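Shown next, in structure tokens, is the structure this report addresses.
Predicted model, so just to flag it, every value in this text is computed and none were measured. By convention here, the first residue in the shown sequence is residue 1. All ligand and atom numbering here is 1-based and tracks the order in the structure.
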Amino acid sequence: MTLLRALMVEDSEDDAILVQEVLRSGGYDPRVHRVETEADLRHALHAGPWDIILSDYMLPAFDARGALDLIRTSGLGIPAIVISGTVGEDVAIETLKLGADDYVLKQNLTRLVPAVARALDLAESRRQQNRLEHMKTLILENSLDLICTLDTQGCFLEVSAAAQAVLGYAPAELMGICLETLIHPDASSSFQHEFQAVLQGQRMRDFECRFRHKAGRDVYLTWSAVLSADHSVIVGVGRDVTERKQAEQRIRYLATHDGLTDLPNRNLIQDRIQQAIAHARRADRQLAVLFLDLDRFKVINDGYGHPFGDLVLKTAAERLVSLVRESDTVARQGGDEFLILLTDLRRADDAYVVAREIVEKLGQPALMVQEREIHVTGSIGVAVFPQDGDSADALIGNADVAMYRAKHLGRNTCQFFTRAMSEETQRRVNLETGLHDAVALNQLELVYQPMVSLTSGRITGCEALLRWRHPELGLVPPAQFIPIAEDSGLIVPIGDWVLHTACTQARAWHDAGLQPITVAVNLSARQFLQQDVVSWVTSTLRTTGLPPGLLELELTESLIAQDVEHVITTFGRLRDAGVKLSIDDFGTGYSSLGYLKRFPADTLKIDQSFVRDMLTDPEDATIVRAVIALAHNLEFKVVAEGVETEQHCRFLRDNGCDEIQGNCFSGPIPAAVFEAVLRSGKRLSG
Ligand code: C2E
Ligand code: MG
Ligand code: MG
């Protein structure tokens, strides 16, 4: 027996009983509640649940029309059957129009059971329909995919809310618009092809297509679509795969480009070199590969942090691109290294002209990075096809070797590759390996070069200069290993050893009762920017017991130019600690003279390159005179370096220079010899 919860609108109890019996005999187990008035029906409807409503056509206070009206407006979707005495066909049709599922005559109740069964079925399918409608609305409103129906012309009939997020159009804007108008012109023909196939009854699956967002950007959608059973509409679902697509494109881009600078990477330039070689062979032209390494870039990285270093690289990359022709290629090899391909050269010398210009203009004017002036310089090695190699790898490798040579020659310069350079590179690699153990193996030594007053002729101080006694190579000069030590970071422990040794030595001379001697120690940029120089220096003074006034620190002008503000503050603090400061190699860096007066320095050392030629080169003579005047104006003491002859001394004395340092009095000598010279009271002659 099937349970049937029935609500009866019926005034005759007898009729109600009769109906129940018919139902029971038809296999139902009816639970019936009978109402007679509109108010009772209203109340009972909501007291359900009801499987069915069976309503008499005519009641004393009420009729089926009113009942059907109530049932419909209740929205409960309960099926209803009107049961009545004989009425006309018109009435029967009217009740059906008002929402009755069936009409059964009281005289012919045998129709009741099949009518109930049919009404129950209909109600169930209505409910199902309802649920589907509900689901459809939810999907259309909430799906992230673009779901739509199109007419056979491809114009929108319906479209889900995702159209807004995916393509930038509100669904209402798209009504009647053809999907094709939203497609990127490049993708239009392949879309047409796929669309026609769907009209032929084929299913579209994962068809990727490029669209244009209302805002103009590209959007990639993959489509699935089918033709409806009646061939009147196409139902399609488009999934936004733009993010994945962009990721793929980025990966493809990064296979050939450098993500930081957006320059071609090594792979791409290798290809281009290879192509250029093929072209140069045919056209009988030359090409050059330039290997550029930024000088002392590690200092910038360590001093200001990697994010800043990255910005410097980007800015340097832009500068490089601006310095070559559009047809040339600038690539980032990695780190602070760049490769430049110059094509279609008539002569190898043309490469030299470009390389020189890059060296000159890379850091001039200074790069502006986050409102800081950064003075970068670069060293370039040049290899030319065909003489220096006939493959991309050979040219890059040899340009690299030449670049090392350029570094070795003092940076900020360029060098052509020569065969001899390969050996030089080998030597450099050996040096770097050996340097690691130099401190531990006691291979480092300090020598001391006197500084002499041009007025009294007496020794006033000395400069501590580093030497490396290599077991096989003999005495290695600092110019050869200091750059390596700087690049590898070894300068920090080595510099520590230098400062400690020099202070200990000076303290010993002080204790021995010799005249007060200032000892000057060279600091390199990396030490200065990397360490907390102030606490390092003061603690070394404390442990060695040297009075601070007997220590002078020498910093090169090029270091100062790298970060004027930082240097000025640190100088100030060191000076407060009682230490003297000296600007070394003056004239070779880029420090603007305007800054100079803000430096709390004591001494300015004129670079030996000016001193060497000042007697023969009027320009150098002018520079030397100007530097002396300027330094005195700022109340700095002036020391001339590399003073080799008596004529040098005389010129410097005549022009008011305070002190000299150089072979004309003494070269750098071991501590014991220096002490002996000091004790002998030796003076500068003249
Ligand atoms: P610098 O500080 O400018 O030192 C002066 C250089 O000139 C020394 O070269 C010295 O030997 C040389 N010199 C002195 N008088 C004459 C002369 O009359 N004629 C010629 N031609 N040269 C003369 P050195 O010892 O080879 O040092 C070269 C550079 O290496 C130094 O230049 C300095 O920048 C660096 N250096 C030396 N020792 C250290 C150190 O302990 N730490 C650091 N960071 N750098 C050092
Ligand atoms: Mg020096
Ligand atoms: Mg110097």
Side-chain angles (χ1 to χ4, degrees), residues 296 299 408-411 435 438-439 443-452 461-469 475-506 518-531 533 536-537 540 551-560 580-589 601-615 639-649 652 659-671 674 684:
R296 301 195 172 89
V299 175
H408 180 76
L409 287 177
R411 295 148 201 253
L435 197 56
V439 179
Q443 291 171 351
L444 296 181
E445 293 172 12
L446 285 183
V447 285
Y448 300 86
Q449 183 173 35
M451 290 187 223
V452 192
C462 62
E463 178 174 7
L465 293 160
L466 186 56
R467 299 291 178 262
W468 177 14
R469 200 169 290 282
L475 212 55
V476 185
Q480 281 186 24
F481 69 87
I482 296 272
I484 300 178
E486 283 174 350
D487 284 348
S488 60
L490 283 169
I491 193 68
V492 174
I494 291 176
D496 189 40
W497 179 88
V498 170
L499 183 67
H500 197 271
T501 309
C503 288
T504 310
Q505 182 61 64
T518 334
V519 66
V521 171
N522 294 284
L523 288 194
S524 71
R526 181 140 185 194
Q527 288 171 279
F528 198 81
L529 295 176
Q530 189 171 328
Q531 296 178 300
V533 180
W536 169 57
V537 170
T540 308
L551 176 65
E552 181 152 24
L553 297 176
E554 291 194 2
L555 286 138
T556 60
E557 192 199 357
S558 47
L559 155 77
I560 292 166
K580 292 204 178 94
L581 295 155
S582 138
I583 301 174
D584 204 355
D585 302 347
F586 189 78
T588 58
D602 304 85
T603 309
L604 204 141
K605 296 181 88 171
I606 306 176
D607 191 64
Q608 41 178 291
S609 58
F610 302 108
V611 175
R612 190 176 55 226
D613 300 326
M614 67 189 175
L615 299 178
V639 180
E641 289 185 298
V643 180
E644 294 187 339
T645 65
E646 289 211 2
Q647 286 95 313
H648 282 154
C649 282
L652 290 163
E659 294 181 8
I660 59 119
Q661 181 183 341
N663 295 348
C664 96
F665 183 80
S666 163
I669 44 183
F674 181 83
L684 186 65

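The only member of Leu466, Asn522, Leu435 that meets side-chain contact (heavy atoms from CB on, under 4.5 Å) when paired with Ile482 is Leu466. The residue from Ile494, Asp496, Val498 that alone fulfils the side-chain contact (heavy atoms from CB on, under 4.5 Å) condition with Val439 is Ile494. Evaluated for a side-chain contact (heavy atoms from CB on, under 4.5 Å) with Glu463, the options Thr518, Asp584, Val447, Leu446 yield exactly one hit, Asp584.
Ligand 1 has an N or O atom lying under 3.5 Å from an N or O atom of Leu466, backbone or side chain. Annotation: Gln608 places an N or O atom under 3.5 Å from an N or O atom of ligand 1; distance criterion only.
One finds a salt bridge joining Lys605 and Glu641 here, because a Lys/Arg side-chain nitrogen approaches an Asp/Glu carboxylate oxygen to under 4.0 Å.
Under a 3.5 Å cut-off, the side chain of Asp602 and the backbone N or O of Leu581 do form a donor-acceptor pair. A donor-acceptor pair under 3.5 Å is formed between the side chain of Gln527 and the backbone N or O of Ser524.
A pairwise comparison of heavy atoms in Val537 and Leu553 identifies CG2-CD1, 4.0 Å as the closest pair.
Using a 4.0 Å cut-off between heavy atoms, Asp607 makes no contact with ligand 1 at all. Counting heavy atoms closer than 4.0 Å to ligand 1, residue Ser524 contributes atoms from both its backbone and its side chain. Looking at Val498 against ligand 1, only its side chain comes within 4.0 Å, counting heavy atoms. Only the side chain of Ile482 comes within 4.0 Å of ligand 1, counting heavy atoms alone; its backbone N, CA, C and O stay farther away. Residue contacts with ligand 1 for Asp585 involve side-chain atoms from C-beta outward but no N, CA, C or O (heavy atoms, distance under 4.0 Å).
Taking 4.0 Å as the cut-off, Gly642 counts as a neighbour of ligand 1 on heavy-atom distance. Remark: distances from the non-hydrogen atoms of Glu463 to ligand 1 include one below 4.0 Å. Using a 4.0 Å heavy-atom cutoff, Arg467 is listed among the residues neighbouring ligand 1. The closest approach between Gly667 and ligand 1 stays at or above 4.0 Å for every heavy atom of the residue.
Not a single N, O or S atom of Asp585, from either the backbone or the side chain, sits less than 2.8 Å from the Mg ion (ligand 2). Taking backbone and side chain together, Ser582 holds no N, O or S atom under 2.8 Å from the Mg ion (ligand 2). Counting backbone and side-chain atoms alike, Glu641 contributes no N/O/S atom closer than 2.8 Å to the Mg ion (ligand 2).
Close approach to Glu554 involves these atoms of ligand 1, each under 4.0 Å from a residue heavy atom: 2 (O). Heavy-atom proximity to Pro478, at under 4.0 Å, picks out these atoms of ligand 1: 24 (P), 25 (O), 26 (O), 27 (O), 28 (C), 30 (O), 37 (C). Listed by atom number, the atoms of ligand 1 under 4.0 Å from Glu641 heavy atoms are 1 (P), 3 (O), 4 (O), 5 (C). For ligand 1, the atoms lying closer than 4.0 Å to a non-hydrogen atom of Gly662 are 15 (N), 18 (O). Per-residue contacts place Gln449 under 4.0 angstrom from the following atoms of ligand 1 (heavy atoms of the residue considered): 10 (C), 14 (C), 15 (N).
Taking the six-membered ring where the residue is Trp, Phe481 and Trp468 present perpendicular rings, their angle passing 60° and hence far from 30°.
Leu465 places a side-chain heavy atom less than 4.5 Å from the side chain of Gln449.
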Under the side-chain contact (heavy atoms from CB on, under 4.5 Å) criterion, do Val519 and Cys503 qualify, and how do the steps go? CA-CA 8 Å; Val519 66; Cys503 288; 5.6 Å; no
Gln505 vs Tyr448, test: side-chain contact (heavy atoms from CB on, under 4.5 Å). Steps then yes/no. CA-CA 10 Å; Gln505 182 61 64; Tyr448 300 86; 3.5 Å; yes
Passes side-chain contact (heavy atoms from CB on, under 4.5 Å), Asp585 versus Ser609? Steps please. CA-CA 9 Å; Asp585 302 347; Ser609 58; over 6 Å; no
